[in-house]
Protein chains: 4
Amino acid sequence: MGSTARLGSGRRTPKQKRSRQTVQAILDAVVRLLKREGAGAVTTNRIAEVAGVSIGSLYQYFPDKQAIFSALHERHIQEIDQSMQTALVDHASSALPDLLRAIVDAMIDAHARDPELHALLSAQTPPHAEWTRHFAVRLHGVFRLAIAARARELKTRRNPDKLAFVAAHMVESLSHGAMFRRPPGLSLAGARAETVRAILAYLRA
Amino acid sequence: MGSTARLGSGRRTPKQKRSRQTVQAILDAVVRLLKREGAGAVTTNRIAEVAGVSIGSLYQYFPDKQAIFSALHERHIQEIDQSMQTALVDHASSALPDLLRAIVDAMIDAHARDPELHALLSAQTPPHAEWTRHFAVRLHGVFRLAIAARARELKTRRNPDKLAFVAAHMVESLSHGAMFRRPPGLSLAGARAETVRAILAYLRA
Amino acid sequence: MGSTARLGSGRRTPKQKRSRQTVQAILDAVVRLLKREGAGAVTTNRIAEVAGVSIGSLYQYFPDKQAIFSALHERHIQEIDQSMQTALVDHASSALPDLLRAIVDAMIDAHARDPELHALLSAQTPPHAEWTRHFAVRLHGVFRLAIAARARELKTRRNPDKLAFVAAHMVESLSHGAMFRRPPGLSLAGARAETVRAILAYLRA
Amino acid sequence: MGSTARLGSGRRTPKQKRSRQTVQAILDAVVRLLKREGAGAVTTNRIAEVAGVSIGSLYQYFPDKQAIFSALHERHIQEIDQSMQTALVDHASSALPDLLRAIVDAMIDAHARDPELHALLSAQTPPHAEWTRHFAVRLHGVFRLAIAARARELKTRRNPDKLAFVAAHMVESLSHGAMFRRPPGLSLAGARAETVRAILAYLRA
DNA sequence: CATGAATGAGTGTTCATTCAT
DNA sequence: AATGAATGAACACTCATTCAT
């Protein structure tokens, strides 16, 4: 991990850095293509071209096309996951509404940052692929933690899994909805607030 | 010869009935293929084969491959929409919890009836296609109606659009989640009940 | 030929008239399609549609697609041939320049009447098909006759076949050229006159 | 390995030479197919097969089927054009009859070299395509040059464009006719001579 | 005879993947 | 490692033709 960089020569590091850069370039190329020319234009040859690498090199780093999408998904999830983790830590000792607010914000921001990407990505991958499941589990975990830590505040003895299940789905669905299907007359800010209010209402019921 | 034109009632309809049967056969073939052999096996020639019609006939009824998926979506949505409408009417004078329960049941049942189909279908269509939007609008409408009719019971003066937005997303997301991402230890029945409880909690908050 | 129309009952005539009308309709449909939508649009089904007959009926009158083009060619040639014959007869006792002028006019007019048709037709049929040969022979014949009848005026004893060969090609090529490849600065009338002059020069040389 | 880059002269050219060879192979394959099995056998897959390349390679060099025919035409025209140019230069200071004879020979030889190809090719391309026009212009130009340079010999003040127009059409038409529609009793040599005589007669009239 | 739904062999074309250089 | 020309299985789609009604 960090240790490779510390070893004497530093000879292997540049190679690995190059690799990572190539992988990044390929992943970025997919995103650019997806946004600029639509899903139909995302062919391996085109990806390689846009990434500025040869098609041969592309296959050096990814065994097949699907692997590229998987990697992209993973990267995307990790980014969201990261901001979730941060929200959780930052508000470890805040009141529940504040924490919820932070989580919802993180989620919406993640969607807002790259809305087309998110949309097109889900169209490209089987909806029950590993990553979807994985993401659900992570989000579920975030809420389990958040809820467990505030069991007293909530005065509830209900199954925390059940609560987390509902809360996680609410945040995901409403974040997505706030971004893409907001009805006229409901601002993004309004949707944010309403999402928090809804989850709170549920948890406190 | 000349007499055929004189025979009783529906001499023109068989032509149309046959058409409808062919279209049905094609749509059913897609579903069968999707379930039995996965999305990769859904080629136009294979569809025609499984449907028991010639590829030429298939193209007599659908201008291109995408049109087949669109038709399938439309059929699927209409089925869900139907059961939603029914729930709404059947519980026109029930108490809110009963109505909500009926709506959630209709939604989950629709997902449960053909879970793979639903899943694979969404993978095939751009997520912001007309039908997705259309369905969201329909669901939203169902809730607006349900909530408006019970404004007094809810003792609320909040924007019904806002309430409907949140409620609709909760139903859709949690129905889907109940079907596909239920955590171990949460039964389908439990998820159903919890979904209703959550929506109620929100509406009454 | 003419006799069928003279026979008693007249029962068969309408049927034959209908047939001829259908055939005409089909032939006209090809021309219309060719002109309006280009060669690519000329499919048997489309022809039938434009002609206002069913595809089945079309195949009642023509064994296959190629036969339609053949019939069209034949009709086209007969029209040109007709006007050629007329020119020949009308100027049976005119001087050579006048006759030549009449033939050239007939030829150019034939091209001018339906230039696209003529062009597209040649693109559709193998260039050495029967009809092309046939047409060449007819034109050749016309000139043989015209030249033979004026051998004294021409004071020539050269092989009339040779003269006819050259004259026929000149008239065909220059008529076509006058229509389609006239250089800027050369009017159609000018091209007409020049064609006559050129043939005369050759015949008198 | 590394040494390959150091070897003598043309190490980059093989890439281009290979390309040219492939293109040549494809073009030749079309000609072979056209001659051996007729126009109906000329499918892209068959071309690739006969050319000994994969269908994928074929599409690397030609965007679509039509482009192959266009390239073939261009090649064919350039060959004829070449021999025309040569005739013009070789007889720059010859008398007009000799020059005419050379041009007619070049034209007839071009047709004689590959008569079926020429015939089938014209059947494949719209008769007013760019190349046809282009060729007419070239031929016209050749004659303008030839005539202009001999204005004194011809003692003519007539519009050289008019003269060239007629002469060019005579050469083209009579060369083609000499090849394909020669009447019995007229030898190829006879047709050649007669063509020259006819053009001379016209120019001197 | 007319109809037009049905047929299916065959077409042009794409694109993930390989491998000689 | 990198390259990119070459590959070819597979696909969506067309259209001349048939035949049951």
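Throughout, a chain's letter reflects where its sequence line sits, starting with A, and its residues are numbered from 1.
Between D/F62 atom CZ and F/dA6 atom C1' there is a gap of 16 Å when expressed in whole angstrom units. One atom, CD of C/E49, and another, P of E/dT3, lie 14 Å apart when rounded to the nearest Å. In this structure, A/F69 atom CZ and E/dC15 atom C1' are separated by 13 Å, rounded to whole Å. Between the P atom of F/dG4 and the CD atom of A/Q60 lies a distance of 14 Å, rounded to the nearest Å. We find that CD1 of B/I47 is positioned 17 Å from P of E/dG8, with the value rounded to whole Å. One atom, CD1 of B/I68, and another, P of F/dC11, lie 14 Å apart when rounded to the nearest Å. Atom pair A/L58:CG and F/dA2:P shows a separation of 12 Å (rounding to whole Å applied).
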Legend entry - Step-by-step side-chain contact (heavy atoms from CB on, under 4.5 Å) determination, D/T44 to D/F62: CA-CA 10 Å; D/T44 48; D/F62 298 95; over 6 Å; no
Legend entry - Step-by-step side-chain contact (heavy atoms from CB on, under 4.5 Å) determination, B/E49 to B/N45: CA-CA 6 Å; B/E49 187 188 328; B/N45 284 289; over 6 Å; no
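In terms of heavy atoms, D/A25 sits closest to D/A51 at O-CB, 3.6 Å. Between D/R75 and D/V31, the shortest heavy-atom contact is NH2-CG2, 4.2 Å.
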Inset, instruction - Summarise protein proximity over nucleotides 14-20 of chain F in one line of letters, 5' to 3': B for base, S for sugar-phosphate only, - for none, counting protein heavy atoms closer than 4.0 Å. - result: BSBBB--
Inset, instruction - Represent DNA chain F in dot-bracket notation, 5' to 3'. Only Watson-Crick or G-U wobble pairs with both distances under 3.5 Å count; pseudoknot-style crossings use [ ] and interstrand partners use |. - result: .||||||||||||||||||||
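In terms of phosphate contacts, A/R18 brings a side-chain nitrogen or oxygen within less than 4.0 Å of OP1 or OP2 of F/dA2. Contact annotation: D/Y61 reaches the phosphate of F/dA6 (side-chain N/O to OP1 or OP2, under 4.0 Å).
Remark: the backbone N or O of C/Q66 is paired with a side-chain donor or acceptor of C/S70 at under 3.5 angstrom. A/H73 places a side-chain N or O within 3.5 Å of a backbone atom of A/F69 that can act as its donor or acceptor partner.
In summary, the side chains of C/S19 and C/T22 do not present any donor paired with an acceptor at a separation below 3.5 Å, with no hydrogens or angles considered.
Using a 4.0 Å cut-off between a side-chain N of Lys or Arg and a carboxylate O of Asp or Glu, D/R46 and D/E37 qualify as a salt bridge.
Among the nucleotides E/dA2, F/dA6, E/dG8, the one closest to the side chain of B/S54 is E/dG8.
In summary, of the residues considered (C/V42, C/V23, C/L27), a side-chain contact (heavy atoms from CB on, under 4.5 Å) with C/I68 occurs for C/L27 alone.
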